[in-house]
Amino acid sequence: MRYNFNEIEAKWQKYWAENQTFKAENQSEKPKFYVLDMFPYPSGAGLHVGHPLGYIASDIYARYKRHQGFNVLHPQGYDSFGLPAEQYAIQTGQHPAITTETNIATYRRQLDQIGFSFDWSREVRTSDPSYYKWTQWIFIQLFNSWYNNDSNKAEDISTLTNIFSSEGNSKVNAVCDDAIATFSAEDWKAFDAVKQQQILLQYRLTYLAETEVNWCPALGTVLANDEIVNGVSERGGHPVIRKKMTQWSMRISAYAERLLQGLETIDWTDSLKESQRNWIGKSVGAAVTFNLKNHSEVIEVFTTRPDTIFGVSFMTLAPEHELVSKITTQEQKAEVEAYIEATAKRSERDRIADVKTISGAFTGAYAEHPFTKQPIPVWIGDYVLAGYGTGAVMSVPCGDQRDYDFAKHFNIPIPNIFENADISQEAYASKDNVVIANSDFLNGLNYKEATKKAIQELEKLGQGQGKTNYRLRDAVFSRQRYWGEPFPVYYINGMPQMIDAKHLPIRLPEVEKYLPTETGEPPIGNATVWAWDTNKNEVVSNDLIDNKTIHPLELNTMPGWAGSSWYFNRYMDSQNNEEFASKEALNYWKDVDLYIGGSEHATGHLLYSRFWQKFLFDKGEVPVDEFAKKLINQGMILGTSAFVYKISLIWPKTSRHNDNLDYLNQISSKFPSIFCSKNYYEKSLHEDISLRDIAKDFKLPSLSSFIGTLDPVKVKIEQLSFGEYQLHADVSFVNASDELDIEAFKNWREEYKKAEFICEEDGTFKVKREVEKMSKSKYNVVNPDQICIDYGADSLRLYEMFLGPLEQYKPWNTAGITGVHGFLKKLWKLYVGENGLLVNDAEPSKDNLKTLHKTIKKVEEDIENFSFNTSVSTFMIAANELTAQKCTSKEILEPLLILISPYAPHIAEELWNQLGNNKSISTAPFPKFNASYLVESSKNYPISFNGKMRFTLELPMDMSKEAIEAAVMANEKTQEQLQGRTPKKVIVVPGKIVNIVG
RNA sequence: GCUCAAGUGGCGGAAUUGGUAGACGCGCCGGAUUCAAAAUCCGGUUCUUCGGAGUGUGGGUUCGAUUCCCACCUUGAGUACCA
């Protein structure tokens, strides 16, 4: 019997599905283990071989944990709201729900054929109303909460209104909008409902505010900070501008410190934690108030270096700072206004790109130093950002390079307040080895002491206190899109009202057009049925809006990260219609034990999810405040693109002034498609080869006839030269030796049908290879479907793991798969011969046992350390050894299958079944490792004398260190080497080496 | 600029955390089988001027360094005027 992988894999996939082999129960005697993948967005292109990498790793771990006796939860679902489906809808008019459904079907088929042990009964889809009902519900909970800094957690908004009506807001220590006016209990009671709501909105954890947002005109929507890369949108690379809009925001800043602290408690990679720390951007320092000369206004600054306060020689405000217009003197007005206008014109990108140019203007105003009372000139400069801290800095040129550069540029004095620091060339920005000088009461102190002392003295004056600043901004939560969760919000007098949770979900309305409306409103503005009837508690037609009982609904939808910020909790009890998950399920599964996904979500999904989890924890909805104990980032599998070089015509240098421009255009359109092979291209790079030479050398008929049609009067052949440009060829036309299948390539595109090829000397056409991200547009996508047909899912799984370390980026190369495929064939032959099963009850030999136990030990270690690549090698060695040993013993071959089963489950299940087991291999316990089988009777110990001379000595394996040492010293070869000298020491590493140090 | 990660044969990558560097696979070379090819099996494969040399470069610690320390170079990723 041959190894018929297609038949075997189909058979067991069917069996697992029919028997619900991997269904997890919410109660069990066994300990729980939750293995989660980041769920995919089901794009129209389907899966390529890069996608399943993380899923294979998590599947191996999940299957391994089942063998270890855990009750394993290993679910899968779809993050099915998103921009591509909507873009597709805009182009084709097809409803995103339909395309999403189709795409999910493709994904499911592709995932199934790889043989994952997912519990599909728990599948979630973020775009399913039964799911987003709870996303809406969580939104309402956030709206009804505020963050109390005293209890350091989110509390119900009713506790806040109670405080307001009993004592006003002066003692409330909340995370809220800046600059809220204080009011008394009487004031509060006197406010009308709208006023009260306006005030509460400034405290709620999700709030409506006019904020400056990142508006992307091309996408017609706002974007969060983490959706922008280098000043352009992450999706599509469109420009992004700053714009003031009324938007929903999430008060994630309330959780900045806890998000930072929580990182200490979870086992995530250091680089990922580092990204989150940078994103949160905590800086400890002081807030300092500078009084202005001749003004009642004050300037608030934030500084991390209060110790350098005596080094202040000027102040700098951001050009957008509100004080600028108030304090600028008459004489400086023109200059300041011109500067503000100039900076406003510069886009965000220009400002980032051009950091080196120093610019600014003097306002004419002077602040007063809090201690010396000396006047300090106030400048404006665009190196100070309006959005960070207070938008104003105290400039200490001797201690900060930017201040230093600014001072140098504008000839502002640079007083030195450091002992022994040379500031003639650059600022001394280090905090180490600081000794403060010329600073009154701070003289002689170091950074730490001086900082403390300075803050104390500022507090005495009432002009400052210690302060911690975070870079983390509140996250904008509105998107002007169709294909997202609708807000459960309607408006009365412009104030948002939550729809009662019992009426959820609020389903997406039908629209005819998915583009934003002409007035710039979101696509839902196109819906005709989108108003809320507070009598009937249902969505009704817009025409009925009467502002009494029928009100307009929110037109925006939620961003992509809304649904993905809590899905891991939903898997615990995904069919529940009463709660997002039952308390029993939440308390049983608690958190994700192992989470596998890409590192690109470091400051998006992974931060927002931690935020929502902490919020739900505060509200008592979930039992733990970190949702994932351990996280692994799988690396990306890259594609190996193939390039061909197409010869193009280069205009003669004189063409710009050529009278026959029309003619030249005309002939260039008739230029034939000619491709040249890699080596020819490389040769031509350095040699100027003319068209005529190509035609002559390669006897290309199309080129000869092209030259023949040239009008020698209008253009001379000698005037024309050629260049090449490289373009992607589909990798499926290229074999392992980089040779292009010319016929297939010709048939690829209509315009290549008559193309001609300049080949290598051996007649082949070679492409140039380059490793790039795998993508449809680069024609380097390898489809797992074809791999499964040609080699089987087990080969695919093994090979993806074998490629290299899980976390690493690595290129895909289909050629190498024959190695692991050969192993599976060999494995099969170890069990099944021409005439049936080879396995019998024979006593295992010592060698057999040694091979098995060596393998058990290595595989167990590998899986625990996520080094899945090396266990594939271990399997190959085991199969080779057992084949050489002619092992037929069931005692050896049966446990071997359990070791292989997480990696190659189909073949393992089939052979397991053939050995006479009628329960799935997934229920079998992992074999126990026994070290005694590995101990050999003797071993050759290499002896090294002073690291130079070497010989070997045969000694029993189970000797103690001391016994080995004695035996080595007693040996005559050793004595020979020592020549009567006494060694300083003898170093013994058991089983390894003996070193004699002379 | 800053932060993090990584540099080992023709290639992907191993090396029990300081102990015989190059496991395993690809590729390549040779052989067996075959009328022949495919498939399969077996052997070889870091370089070498055959003395040795060798894990990006130069130092250091050590009896011993791919592994630890210092400096530098290169590549990749993230971040960016954060006061």
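The structure displayed is predicted, hence computed values, not measured ones. Order of the sequence lines fixes the chain letters, A, B, ..., with proteins taken first and strands second; residue numbering starts at 1 for each chain.
For A:Ser283 and B:A83, the shortest distance from a side-chain N or O to OP1 or OP2 is below 4.0 Å. One finds no side-chain N or O of A:Tyr809 lying less than 4.0 angstrom from the OP1 or OP2 phosphate oxygen of B:A77. The phosphate of B:A14 (OP1 or OP2) has a side-chain N or O of A:Asn869 nearer than 4.0 angstrom. Proximity of A:Arg471 to the phosphate of B:A80: a side-chain N or O atom is located under 4.0 Å from OP1 or OP2. Checking the phosphate oxygens (OP1, OP2) of B:G13, a side-chain nitrogen or oxygen of A:Gln808 falls inside 4.0 Å.
With sequence neighbours excluded, the residues satisfying side chain to side chain contact (heavy atoms under 4.5 Å, CB included) with A:Lys448 are A:Asn446. Residues forming a side chain to side chain contact (heavy atoms under 4.5 Å, CB included) with A:Leu638 (at least two apart in sequence, or on another chain): A:Met636, A:Val771, A:Tyr809.
Comparing the same atom, P, in B:G56 and in B:G52 gives a spacing of 24 Å after rounding to whole Å. B:U45 and B:A36 have their P atoms separated by 29 Å, given to the nearest Å. Rounded to whole Å, the P atom of B:C41 lies 16 Å from the corresponding atom of B:C24. Taking the C1' atom of each, B:C73 and B:A83 are spaced 33 Å apart, rounded to whole Å. As rounded to the nearest Å, B:G64 and B:U49 have C1' atoms that lie 29 Å from one another. Taking atom C1' on both B:A15 and B:U20, the two are 12 Å apart, rounded to the nearest angstrom. A gap of 14 Å separates the P atoms of B:G22 and B:C47, to the nearest Å. Straight-line distance between the C1' atoms of B:A6 and B:G12: roughly 15 Å, to the nearest whole Å.
Residue A:Thr818 is classed as a sugar-phosphate contact, given heavy-atom separations below 4.0 Å to backbone atoms only. Contacts of A:Pro805 with the nucleic acid, taken as non-hydrogen atoms under 4.0 Å apart, involve only primed sugar atoms and P, OP1 or OP2.
A distance below 6.0 Å separates the ring centres of A:Phe406 and A:Phe314. Centroid-to-centroid, the aromatic rings of A:Tyr799 and A:Trp812 come within less than 6.0 Å.
A straight line from CD of A:Glu807 to C1' of B:C4 spans 14 Å, rounded to a whole angstrom. Distance A:Leu803 CG to B:G13 P: 8 Å, rounded to the nearest Å. Look at CZ on A:Arg473: it is 13 Å from P on B:A80, rounded to the nearest Å. For A:Asn813 and B:G12, the CG to C1' distance is 8 Å, given to the nearest whole Å. The separation between A:Phe875 atom CZ and B:A23 atom C1' is 16 Å, rounded to whole Å. The nearest whole Å value for the distance from the NZ atom in A:Lys858 to the P atom in B:U17 is 12 Å. Nucleotide B:C42 holds its C1' atom 12 Å from the CG atom of A:Asn880, rounded to whole Å. Computed from coordinates, the A:Arg797 CZ to B:G25 P distance equals 21 Å when rounded to whole Å.
Residue A:Asp400 has its side chain nearest to B:A83 when only B:C26, B:A39, B:A83 are considered. Relative to the side chain of A:Ser873, the nucleotides B:A23, B:A83, B:U40 differ in distance, and B:A23 lies closest. For A:Ser275, taking side-chain heavy atoms from C-beta onward, the closest of the listed nucleotides B:G78, B:G25, B:A83 is B:G78. When the nucleotides B:C81, B:C4, B:C24 are ranked by their closest atom to the side chain of A:Tyr383, B:C81 comes out on top. The listed nucleotides are B:C81, B:C24, B:G13; the one nearest the side chain of A:Leu385 is B:C81. In this structure, of B:A39, B:G25, B:G13, it is B:G13 that holds the atom nearest to the side chain of A:Lys810. Nearest nucleotide to the side chain of A:Glu274, out of B:G12, B:A83, B:U3: B:U3. Nearest nucleotide to the A:Ser271 side chain, out of B:U40, B:U79, B:C4: B:C4.
Under the 90° criterion around 0 for the glycosidic angle, B:G78 counts as anti. In this structure B:G9 sits in the syn conformation; its chi angle is within 90° of 0.
Aromatic ring pairs are classed by plane angle as parallel below 30°, tilted from 30° to 60° and perpendicular above 60°; the pair A:Tyr903 and A:Phe868 is perpendicular.
B:G19 and B:C63 make up a base pair, with Watson-Crick or G-U wobble contacts both under 3.5 Å.
In this structure, A:Lys810 contributes its side chain and A:Gln808 its backbone to a donor-acceptor pair below 3.5 Å.
Considering all non-hydrogen atoms of both residues, A:Ala361 and A:Tyr339 come closest at CB-CB, 4.1 Å.
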